[in-house]
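Everything below concerns the one structure shown next.
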Amino acid sequence: MSTRATAQLVELAKGWERIYPSARCSGIVGDARHRRTGGFHVSREDNPRGNYSIVRPQDRWGNGPDDAAAAIDMSMNTHDMTLCTRRLIAVYGNTVDPRRRFVNAFNGTVDGRTARRWDVYAQVVGPASSDHTWHIHAECRRRYVTSAVAVRAWLSALRGESVAGYLAGLGIVVIPTATNRAVAPPYPGRVLQRGDSGPAVGLWQQRMLQRGWHSLGAADSQFGPRTESVVRRFQQHCRVSVDGKIGPATWPLPWTDPLG
Ligand SMILES: [Zn+2]
């Protein structure tokens, strides 16, 4: 029989044990019973037919190694079980969470009494056997069982990080989108133009840098030629009248104009 635990899944299990004091990995590679029934604790090679865990895209032949298991069982006390399950549910419940791509499903409990299965791929919650009140069963998409990126995403979810926190850890700054508009700070009360300086200029520059207008240079609070040029191009982009000055109409746009 040929099912192995990849180095990345072992690393994930070790990282998991560091996050939750009571966590002990109780298995990655399945036993003879698993080999008969299939599932993510056995490889594709070990159960090539009738195996529900090699059907979905990213789990089929050609995705990741054929001789590797893709699930981890982690035993924990009730406190850690409920905390960990809730953190994974946050990923389950947020359909734009980028960490979801690495998760097929997980079994756990939020009250220490009832076990459930959260199928992230299908977005369905169902029953699970009662042993999942004391251990979480976590399934990684088979394509990613040798991926360090997947390990990082899983550990971020297990730590309870927000999506923004996860992305920040990868060096990605979240900028506003149409569904994530910010409230503009109050208009400073006078038109800002070339030659001006001060905190209001700096605030506006900072926001434009966050939106990716790097031709500004630094947010130095000085309204110089580079800032004026950015103001003109941004006014064009927003289809307001182009005068190179930050008046009451132009002031809030970096916060309110949706990014596509
Ligand atoms: Zn399991």
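All heavy atoms count here, side chains included; hydrogens, waters and symmetry mates do not. Every number for a ligand or one of its atoms is a count from 1 in the order of the listing. On a predicted model such as this, the values are computed, not experimentally measured, just so you know.
The Zn ion (ligand 1) lies under 2.8 Å from an N, O or S atom belonging to D73. The Zn ion (ligand 1) lies under 2.8 Å from an N, O or S atom belonging to H41.
S43 and R142 form no side-chain donor-acceptor contact under 3.5 Å, judged by distance and modelled atom types alone.
Remark: R99 qualifies as a cation-pi partner of Y166 under the 6.0 Å distance and 45° angle criteria applied to the six-membered ring.
Tested against C84, the residues I136, I19, T109 include a single side-chain contact (heavy atoms from CB on, under 4.5 Å) partner, I136.
In terms of distance to the Zn ion (ligand 1), the nearest N, O or S atom of H137 is named ND1.
No donor-acceptor pair closer than 3.5 Å links the side chain of W154 to the backbone N or O of L12.
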